[in-house]
Amino acid sequence: MLSYDFHTHILPGIDDGAKTPEESLKLINSLRVQGIKNIVLTSHYYSHKESMEDFLKRREESCKVLLPLIPEDINVKIGAEVYVTKYMFTDRLDFSPVCMEGTPYMLTEFSYGASFEGESLKMLMRLMDLGVRPIIPHIERYEKLIKKPDAISELIDMGVVIQSNASSFTDRRISSKLMKLLRRGYIHILSSDTHSESHNSPRSFSDSIKAINKKCPEAVAYLQENAEKIWNND
């Protein structure tokens, strides 16, 4: 089993994820049942709709409510799922507040039509020049990348980390393509992207691991090893 989840919407009342602390704790417990003991809280930050300062204030208030309630056997880090736009770069050079706590890793979401050949690639490279280590979340949503795996390889060669949602490995529409990417080492980490018990449920971890074990059993240890390195900023 895996013990890390780098992509969750568990902080209460800050985005389209958990609405209350009670719901947040239920999601954390569901992840614990799946074997997840290390969780990154990555609320949505839409850089074209809100200043980073306003987002950080809202996140801090949500953290004050939830963090004291988290069970002692659960390790938590704070981060964000950052929707990357040109507005991020107008007057800012430090993006550490929206990176995963204690690391340079950032969940960097782009328009799902991005090909990472034009403006999206320029913004990605600019983040990296500023010390950010991008994690592209739910790679399966980027149709142009899925159709052109060599483009994923090029991003990996640049130092980009690729994340897939656990639930996608049990989705017949995309699972076979993801399994091929996983065999080639083009998916580095698996995460839940959980919003609720019905939207990317934490329960997807068990089902996805079973599916992976059937077709690519060696990949589970690979995913766990990558997760440990990222968590520890190794």
Side-chain angles (χ1 to χ4, degrees), residues 1-45 55-82 96-107 109 133 135 137-138 161 163-170 187-210 212-213 220-234:
M1 297 297 290
L2 302 181
S3 58
Y4 296 85
D5 191 348
F6 292 93
H7 186 174
T8 70
H9 298 273
I10 287 176
L11 278 176
I14 189 171
D15 61 10
D16 57 345
K19 303 306 179 188
T20 65
E22 292 77 17
E23 186 177 353
S24 300
L25 293 174
K26 287 180 180 179
L27 291 174
I28 289 171
N29 188 59
S30 291
L31 287 171
R32 180 206 272 126
V33 170
Q34 304 304 307
I36 304 298
K37 295 294 183 70
N38 308 284
I39 303 171
V40 187
L41 307 178
T42 54
S43 302
H44 284 292
Y45 164 47
F55 168 76
L56 294 175
K57 288 178 184 178
R58 293 195 304 113
R59 189 180 68 177
E60 182 179 4
E61 291 302 312
S62 185
C63 285
K64 286 179 181 179
V65 173
L66 180 63
L67 295 189
L69 305 176
I70 292 178
E72 292 183 358
D73 63 333
I74 299 294
N75 301 308
V76 166
K77 290 190 177 187
I78 309 302
E81 182 179 9
V82 180
S96 60
V98 287
C99 289
M100 186 178 80
E101 188 177 348
T103 81
Y105 291 97
M106 178 200 292
L107 282 185
E109 185 179 26
R133 188 74 185 273
I135 300 175
H138 34 61
V161 175
Q163 179 252 310
S164 180
N165 285 358
S167 59
S168 297
F169 277 84
T170 57
I187 294 175
H188 300 119
I189 54 175
L190 210 61
S191 296
S192 69
D193 187 17
T194 187
H195 287 64
S196 68
E197 289 288 359
S198 58
H199 182 183
N200 291 338
S201 168
R203 295 188 297 274
S204 63
F205 265 112
S206 292
D207 292 337
S208 67
I209 293 301
K210 289 178 183 177
I212 292 170
N213 267 323
V220 178
Y222 167 79
L223 292 167
Q224 175 73 359
E225 181 181 357
N226 290 338
E228 288 177 356
K229 289 180 177 179
I230 292 170
W231 181 273
N232 294 317
N233 193 25
D234 183 3

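Along the sequence shown, residues carry numbers from 1. Only this structure's heavy atoms are used, side chains among them; waters, hydrogens and symmetry mates stay out.
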Steps toward side-chain contact (heavy atoms from CB on, under 4.5 Å) verdict (Phe169, Ile187): CA-CA 12 Å; Phe169 277 84; Ile187 294 175; 4.0 Å; yes
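- Counting heavy atoms from C-beta outward, Leu66 and Ile10 have side chains that approach closer than 4.5 Å.
- Residues Val161 and Asn226 fail the side-chain proximity criterion, which asks for heavy atoms closer than 4.5 Å.
- Partners of Thr20 according to the side-chain contact (heavy atoms from CB on, under 4.5 Å) rule, which considers only residues two or more places apart in sequence or in another chain, are Glu22, Glu23.
- With 3.5 Å as the limit, one finds no donor-acceptor pair spanning the side chains of Thr42 and Glu81.
- Ser208 contributes a side-chain N or O that, together with a main-chain N or O of Ser204, makes up a donor-acceptor pair within less than 3.5 Å.
- In terms of heavy atoms, His44 sits closest to Asp15 at N-OD2, 3.0 Å.
- Closest approach of Leu11 to Ile14, counting heavy atoms only: O-CG2, 3.5 Å.
- Partners of Glu61 by salt bridge (charged side-chain N to carboxylate O under 4.0 Å, His left out), not counting sequence neighbours, listed by chain and number: Lys64.
- In this structure, CD1 on Ile36 lies 12.0 Å from CG on Asn75, to the nearest 0.5 angstrom.
- Ser96 pairs by the side-chain hydrogen bond (donor to acceptor under 3.5 Å, both in side chains) definition with Asp94, not counting sequence neighbours.
- Remark: His195 NE2 to Asp16 CG distance equals 3.5 Å, nearest 0.5 Å.
- Expressed to the nearest 0.5 Å, how far CD1 of Ile135 lies from CD of Gln163 amounts to 7.5 Å.
- For Tyr45, the ring pair (Phe, Tyr, Trp, His ring centres under 6.0 Å) partners are Phe55, not counting sequence neighbours.
- Looking at residues two or more places apart in sequence or on another chain, you find no side-chain hydrogen bond (donor to acceptor under 3.5 Å, both in side chains) involving Arg59.
- Screening residues 191-202 for salt bridge (Lys or Arg N to Asp or Glu O under 4.0 Å) gives Arg141-Asp193, Glu197-Arg203 as the qualifying pairs, with residues at least two apart or on separate chains.
- For the pair Arg133 and Cys99, the minimum side-chain heavy-atom distance is 4.5 Å or more.
- When all heavy atoms are compared, the tightest approach of Pro97 to Leu56 is CB-CD1, 3.7 Å.
- The side-chain contact (heavy atoms from CB on, under 4.5 Å) test applied to Ser192 returns Asp5, Thr8, Leu31, Thr194, Phe205, not counting sequence neighbours.
- Legend: salt bridge (Lys or Arg N to Asp or Glu O under 4.0 Å) pairs involving residues 28-37, not counting sequence neighbours, sorted by first then second residue: Arg32-Asp73.
- His7 is linked by a ring pair (Phe, Tyr, Trp, His ring centres under 6.0 Å) to His9, His138, counting only residues two or more places apart in sequence or in another chain.
- Remark: His188 NE2 to Ile230 CD1 distance equals 8.0 Å, nearest 0.5 Å.
- With rounding to the nearest 0.5 angstrom, the CG atom of Asn38 is 8.0 Å from the CZ atom of Phe6.
- The salt bridge (Lys or Arg N to Asp or Glu O under 4.0 Å) pairs that include a residue from residues 223-234 are Glu225-Lys229, where partners are two or more places apart or lie in different chains.
- Within 6.0 Å of atom NZ in Lys77, more than 12 heavy atoms from other residues, nucleotides or ligands are found, so the atom counts as buried in its surroundings.
- Leu190 CG to Ile212 CD1: the interatomic distance, rounded to the nearest 0.5 Å, is 5.0 Å.
- Side-chain N or O atoms of Glu109 include none that pairs as donor or acceptor with a backbone N or O of Pro137 at under 3.5 Å.
- Ser24 meets the side-chain hydrogen bond (donor to acceptor under 3.5 Å, both in side chains) test with no other residue; sequence neighbours excluded.
- In this structure, Tyr4 and Leu223 have side chains that are not in contact, with every pair of non-hydrogen atoms separated by 4.5 Å or more.
- In this structure Ser168 satisfies the side-chain hydrogen bond (donor to acceptor under 3.5 Å, both in side chains) test together with Glu140, sequence neighbours excluded.
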side-chain contact (heavy atoms from CB on, under 4.5 Å) between Lys19 and Ser196, intermediate numbers included: CA-CA 9 Å; Lys19 303 306 179 188; Ser196 68; over 6 Å; no
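- Residues Val40 and Trp231 are in side-chain contact: their nearest non-hydrogen atoms beyond the backbone lie under 4.5 Å apart.
- Side-chain atoms of Met100 and Val98, non-hydrogen and from C-beta on, never get closer than 4.5 Å to each other.
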